[in-house]
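Written out below as structure tokens is the structure these notes cover.
Everything quoted here is computed from the prediction, not taken from an experiment.
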Amino acid sequence: MIGVRIREVRNSRNMTVKQLAEAAEVSTGLISQVERGLTDPSLETLRRLARALGLPLFDLFREQEQEAVAVVRQTRRIVVRSPNGGIAYTRVSPGAGRLEVLEGVLEPGGASSAEAWSHPSEECIVVLAGRLVVEAAGERYELGQGDSCYLDSRIPHRYVNEGTIAVTFLVSVTPKLLNRTDGALTGVRVGG
């Protein structure tokens with residue numbers, strides 16, 4: 001499903017596989033395999049592809065049609081992992097709406113990314129088990145079970161597990177900022 005979405009977006013932007021590979025700094029073979037569903041891309045690869053395509057990361061998970069009521073069975077969730085296995089996300093929401101809900105599991109000593117990064121959306125994180133550090137705009141916010149944190153994702157940020165047990169959390173993400181009337185730029189890729 002992700003490969004089909006990447007191909008659709010790439011084609012809509014009149015990009016060749018080679019152009020996308022160069023922009024994302026990955027091999028053409030990898031993109032070809034992802035688009036044909038022969039391999040699952042890592043979280044880092046998906047971030048690179050999203051940046052190269054000018055999309056928020058979770059927009060790559062969007063499905064074409066959304067039903068009025070959608071059930072996502074736990075056994076049928078899409079899973080994305082970091083290359084080193086430190087974090088895994090499963091999509092709880094169906095993926096076609098204006099809100100993505102993901103369940104994250106971050107291993108001890110792990111981080112959601114090597115460096116803080118930004119993207120055009122908004123996030124709300126709720127810790128289900130363990131302790132999570134949210135690094136945003138150069139500040140640290142320590143969250144325990146039941147604590148939550150909202151942030152404008154255009155601020156460079158990342159999640160860190162400094163504990164000795166895995167932390168489980170839910171994160172709700174707007175796939176892209178919706179048009180707002182306050183004059184803010186929306187839907188534009190920002191840094192990170």
Side-chain angles (χ1 to χ4, degrees), residues 1-66 78-83 87-102 104 111-125 134-137 150-159 171-192:
M1 181 183 331
I2 292 172
V4 171
R5 175 77 176 134
I6 290 169
R7 183 182 313 119
E8 286 173 354
V9 175
R10 178 179 60 77
N11 287 334
S12 74
R13 287 169 172 54
N14 295 317
M15 292 179 82
T16 65
V17 170
K18 182 178 179 185
Q19 289 170 324
L20 178 57
E22 288 173 357
E25 298 177 353
V26 298
S27 72
T28 56
L30 176 61
I31 291 177
S32 177
Q33 289 178 345
V34 168
E35 287 188 353
R36 292 182 293 146
L38 300 177
T39 189
D40 291 324
S42 70
L43 183 58
E44 182 57 32
T45 298
L46 287 173
R47 284 184 176 137
R48 288 175 182 222
L49 292 171
R51 283 186 200 128
L53 293 168
L55 294 174
L57 172 65
F58 294 106
D59 203 45
L60 293 178
F61 297 92
R62 188 177 57 116
E63 295 174 6
Q64 294 302 322
E65 303 275 330
Q66 178 169 337
I78 292 175
V79 179
V80 179
R81 299 183 196 294
S82 64
I87 192 165
Y89 289 104
T90 58
R91 190 175 71 197
V92 177
S93 58
R98 295 182 301 195
L99 178 68
E100 289 282 348
V101 181
L102 308 161
S112 60
S113 59
E115 307 259 336
W117 72 295
S118 61
H119 51 97
S121 63
E122 297 175 35
E123 298 179 28
C124 185
I125 305 100
V134 176
E135 295 178 350
Y150 162 84
L151 61 97
D152 182 329
S153 304
R154 294 175 293 182
I155 298 168
H157 63 284
R158 71 180 189 147
Y159 310 144
V171 58
S172 297
V173 181
T174 57
K176 60 185 171 184
L177 288 176
L178 304 174
N179 289 331
R180 293 172 24 184
T181 58
D182 62 4
L185 289 176
T186 59
V188 178
R189 184 173 64 85
V190 179

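With sequence neighbours excluded, no residue forms a salt bridge (Lys or Arg N to Asp or Glu O under 4.0 Å) with Arg47. With sequence neighbours excluded, the residues forming a side chain to side chain contact (heavy atoms under 4.5 Å, CB included) with Thr90 are Arg77, Val79, Glu103, listed by chain and number. Considering only residues two or more places apart in sequence or on other chains, Ser153 meets the side-chain hydrogen bond (donor to acceptor under 3.5 Å, both in side chains) condition with Ser121, Glu123. For Arg7, the side-chain hydrogen bond (donor to acceptor under 3.5 Å, both in side chains) criterion is met by no residue, not counting sequence neighbours. Residues forming a side chain to side chain contact (heavy atoms under 4.5 Å, CB included) with Thr28 (at least two apart in sequence, or on another chain): Val17, Lys18, Ala21. Every residue meeting the side chain to side chain contact (heavy atoms under 4.5 Å, CB included) condition with Ser32, not counting sequence neighbours, appears here in chain and number order: Arg36.
Summarising the geometry of Ser118 relative to Pro156, their closest heavy-atom pair is CB-N, 4.0 Å, with the distance given to 0.1 Å. Taking every heavy atom of both residues into account, Ser12 and Val9 meet most closely at OG-O, 2.8 Å. Closest approach of Ala136 and Ile155 over heavy atoms only: C-CG2, 4.1 Å. Between Met15 and Ala23, the shortest heavy-atom contact is CE-CB, 4.5 Å. Of all non-hydrogen atoms in Gly104 and Tyr89, the two that sit nearest each other are CA-CD2, 3.9 Å.
From Ser172, atom OG reaches atom CG of Leu99 across 5.0 Å, with rounding to the nearest 0.5 Å. Considering CZ of Arg10 and OG1 of Thr16, their distance stands at 7.0 Å, rounded to 0.5 Å. Once rounded to the nearest 0.5 Å, the distance linking OG1 of Thr39 with CD1 of Ile31 reads 12.5 Å. In this structure, Leu30 CG and Ser42 OG are separated by 8.0 Å, a value rounded to the nearest 0.5 Å. Taken from CZ in Arg5 to CG in Leu53, the straight-line distance is 9.0 Å, to the nearest 0.5 Å. Distance OG1/Thr45 to CD/Glu25: 11.5 Å, rounded to 0.5 Å.
Put simply, the side chain of Arg158 gets close to the backbone of Ala114: a donor and an acceptor are under 3.5 Å apart.
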Verdict with reasoning, Leu20 to Ile6, per side chain to side chain contact (heavy atoms under 4.5 Å, CB included) = CA-CA 10 Å; Leu20 178 57; Ile6 290 169; 4.1 Å; yes

Stepwise, does the side chain to side chain contact (heavy atoms under 4.5 Å, CB included) test hold for Leu46 with Val34?
-> CA-CA 10 Å; Leu46 287 173; Val34 168; 5.8 Å; no

Applying side chain to side chain contact (heavy atoms under 4.5 Å, CB included), run through Asn14 and Gln19 and close with a yes or a no.
-> CA-CA 10 Å; Asn14 295 317; Gln19 289 170 324; over 6 Å; no

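In this structure, Leu151 and Ile125 have side chains that are in contact, with non-hydrogen atoms separated by less than 4.5 Å.
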